[in-house]
Number of protein chains: 2
Amino acid sequence: MASTPTSGSQSRHSLGLLAHLARVAQREGESLPDERGLRPRHYVVLTLLRDHGTATQRGLAEALRMDPTNVVGALNDLESRECVVRRRDPEDRRRHIVEVTDTGVEALAEWERALAEVEDRVLGALSEDEREQFHALLIRAAGGQLPPGACAEADQAPPAC
Amino acid sequence: MASTPTSGSQSRHSLGLLAHLARVAQREGESLPDERGLRPRHYVVLTLLRDHGTATQRGLAEALRMDPTNVVGALNDLESRECVVRRRDPEDRRRHIVEVTDTGVEALAEWERALAEVEDRVLGALSEDEREQFHALLIRAAGGQLPPGACAEADQAPPAC
DNA sequence: ATAATCGTTTGTGCTATACCAATGATCTAT
DNA sequence: ATAGATCATTGGTATAGCACAAACGATTAT
């Protein structure tokens, strides 16, 4: 084979595993019914908004690595269901400040409740402790990915934020 | 809110973060040129084959959560580039046993080399130790997802396999 | 006044993928 | 031996998610 004898950093190729696991989760959870007609991408927006507070749409697009035009669409869907509101930014009236509503928070909570079962299946091989670690690492890793002041999943105010 | 105030398990919603991180990685790495004309999905197949040894196509489809017909296509691409070989299973001549070739291993190694830079960006917020932990957890989690006897990323012979 | 920016709409196209149907080879069971 | 199931394969269809481009109104900055 290609040698690589030692043990530590030679095969730390996590990205493939990460993608695979995400894929498993997606397929596992795509059967989740949602009476609201919202799709996963809507919930990632909601998650960011809930955990970060507010954001401009441009900020959302950057943080979520989504195309700005698609953010608009997602927000339209969310707004028509009263899950978010758009206000004009008084400091720059071109901007919209997006905020999650109570309805949105509740919708997200429901979604997460349903997702918990999927998570049990996907991360079933992990012990309770390991899941805790895993979650903490995810937060740290993802935190490094949010360019502006955004901080997803900032439930317990991670230090970095 | 949904109460559950303590600290640990109330917000252990890892799936959203997982998906987000995978998305970031994908977008970050989609610019990776590949002179072989192989796409990420080809490499996940190669990865499984290298780390598990061999597999039937049906096994691959299950393990990778891919539709069997699409597996055929990926294998055709890989075989035409001499990255894998298909042999008939002597025990059941309907089956094909797929095996990665030296060329395939090398192609995968190249790909992983290129991917390492992306990984540095995506997991940049994690320390060396944390990345190690993260990788170990991913292996365990993903290992629980491989139904047959398949065991992806079995570098240091994880106990479960 | 001019140019740049933000959000928005519309449309276009690509990629990945699931899905269905049909076929030949092979295995299993009766 | 016959019948039915299974595996890999091929071909075709359909859909979802996205990126991307072009144009517009409103607003800000120069």
Side-chain angles (χ1 to χ4, degrees), chain A residues 16 19-20 22-34 37-45 49 54-80 84-99 148, chain B residues 16 19-20 22-34 37-45 49 54-80 84-99 148:
Chain A
H20 177 241
R23 172 197 195 75
V24 169
Q26 190 201 337
R27 294 217 51 171
E28 204 81 31
E30 69 193 1
S31 56
L32 283 186
D34 185 84
L38 294 178
R39 312 275 323 147
R41 70 195 118 103
H42 299 114
Y43 288 106
V44 309
V45 172
L49 287 175
T54 62
T56 68
Q57 304 190 192
R58 195 175 169 71
L60 279 177
E62 280 184 37
L64 300 173
R65 301 294 199 285
M66 289 177 65
D67 189 278
T69 61
N70 294 327
V71 172
V72 173
L75 287 178
N76 288 349
D77 299 338
L78 286 169
E79 195 171 38
S80 76
V84 301
V85 285
R86 287 190 250 220
R87 295 188 343 252
R88 294 228 87 103
D89 183 348
E91 294 183 5
D92 183 343
R93 296 181 41 74
R94 288 170 302 183
R95 289 197 174 99
H96 274 157
I97 294 195
V98 188
E99 202 168 354
Chain B
H20 177 240
R23 168 195 200 76
V24 170
Q26 190 202 338
R27 293 215 53 172
E28 205 81 32
E30 70 192 358
S31 56
L32 282 186
D34 186 86
L38 294 178
R39 311 275 323 147
R41 72 195 119 101
H42 298 115
Y43 289 106
V44 309
V45 173
L49 287 175
T54 62
T56 67
Q57 304 190 192
R58 197 176 168 71
L60 278 177
E62 279 183 37
L64 299 172
R65 302 296 199 283
M66 289 175 66
D67 189 280
T69 61
N70 295 327
V71 172
V72 172
L75 287 179
N76 288 349
D77 298 338
L78 286 169
E79 196 170 35
S80 75
V84 302
V85 284
R86 289 189 248 220
R87 296 187 344 251
R88 294 228 88 102
D89 183 349
E91 293 184 4
D92 183 343
R93 297 183 39 77
R94 289 170 302 182
R95 288 196 174 99
H96 274 157
I97 294 194
V98 187
E99 200 168 355

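Each chain gets a letter, A, B and so on, in the order the sequences are listed, and its residues count up from 1.
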For the pair made of [atom1] in [X] and [atom2] in [N], what is the distance, rounded to whole Å?
{"X": "His96(B)", "N": "dT9(D)", "atom1": "NE2", "atom2": "C1'", "answer": "9 Å"}
{"X": "Arg95(B)", "N": "dT6(D)", "atom1": "CZ", "atom2": "P", "answer": "11 Å"}
{"X": "Met66(A)", "N": "dG17(D)", "atom1": "CE", "atom2": "P", "answer": "11 Å"}
{"X": "Asp92(A)", "N": "dA26(D)", "atom1": "CG", "atom2": "C1'", "answer": "10 Å"}
{"X": "Leu64(B)", "N": "dT17(C)", "atom1": "CG", "atom2": "C1'", "answer": "14 Å"}
{"X": "Asp89(A)", "N": "dA26(D)", "atom1": "CG", "atom2": "C1'", "answer": "14 Å"}
{"X": "His42(B)", "N": "dA16(C)", "atom1": "NE2", "atom2": "P", "answer": "8 Å"}
{"X": "Arg94(B)", "N": "dT9(D)", "atom1": "CZ", "atom2": "P", "answer": "14 Å"}

| note | Out of dC20(D), dA18(C), dT28(D), minimum distance to the side chain of Arg27(B) belongs to dC20(D)
| note | Closest of dT9(D), dC20(D), dT8(C) to the Arg86(A) side chain is dT8(C)
Reckon [X] has a side-chain N or O less than 4.0 Å from the OP1 or OP2 of [N]?
{"X": "Arg58(A)", "N": "dG7(C)", "answer": "no"}
{"X": "Gln57(A)", "N": "dT8(C)", "answer": "yes"}
{"X": "Asn76(A)", "N": "dT9(C)", "answer": "yes"}
{"X": "Arg41(A)", "N": "dC18(D)", "answer": "yes"}
{"X": "Arg23(A)", "N": "dA18(C)", "answer": "yes"}

| field | Within-4.5 Å side-chain heavy-atom neighbours: Arg87(B) and His96(B) | value | no
| message | Rounded at 0.5 Å granularity, tell me how far CG in Asp77(B) sits from CG in Leu38(B). | response | 7.0 Å
| task | Kindly compute the distance separating CG (Asp92(B)) from OG1 (Thr56(B)), expressed to the nearest 0.5 Å. | result | 9.5 Å
| query | When the nearest nucleotide of DNA chain D is assigned to Glu91(A) and to Gln26(A) on a heavy-atom basis, which residue is associated with the more 5' position? | reply | Gln26(A)
| In residues 68-75 of chain B, which ones come under 4.0 Å of DNA chain D, going by heavy atoms? | Thr69(B), Val72(B)
| remark: Heavy-atom closest pair (Thr54(B) atom, Glu99(B) atom, distance to 0.1 Å) is CG2-CG, 3.8 Å
| Taking all non-hydrogen atoms of both residues, which atom of Arg23(B) and which atom of Leu64(A) are closest, and how far apart? | NE-O, 3.0 Å
| Residues in side chain to side chain contact (heavy atoms under 4.5 Å, CB included) contact with Arg93(B), at least two apart in sequence or another chain | Arg88(B)
| task | Output, in order, the C-alpha distance, side-chain angles, deciding distance and verdict of side chain to side chain contact (heavy atoms under 4.5 Å, CB included) for Arg86(A) and Ile97(A). | result | CA-CA 6 Å; Arg86(A) 287 190 250 220; Ile97(A) 294 195; over 6 Å; no
| query | For Thr56(A) and Pro40(B), take the nucleotide of DNA chain C holding the closest heavy atom to each; which residue's nucleotide lies nearer the 5' end? | reply | Thr56(A)
| Residues which pass side chain to side chain donor-acceptor pair (under 3.5 Å) with Asn70(A), listed by chain and number, not counting sequence neighbours | none
| Taking N and O atoms by type only, does the side chain of Arg93(A) place a donor or acceptor under 3.5 Å from a partner on the base of dT27(D)? | no
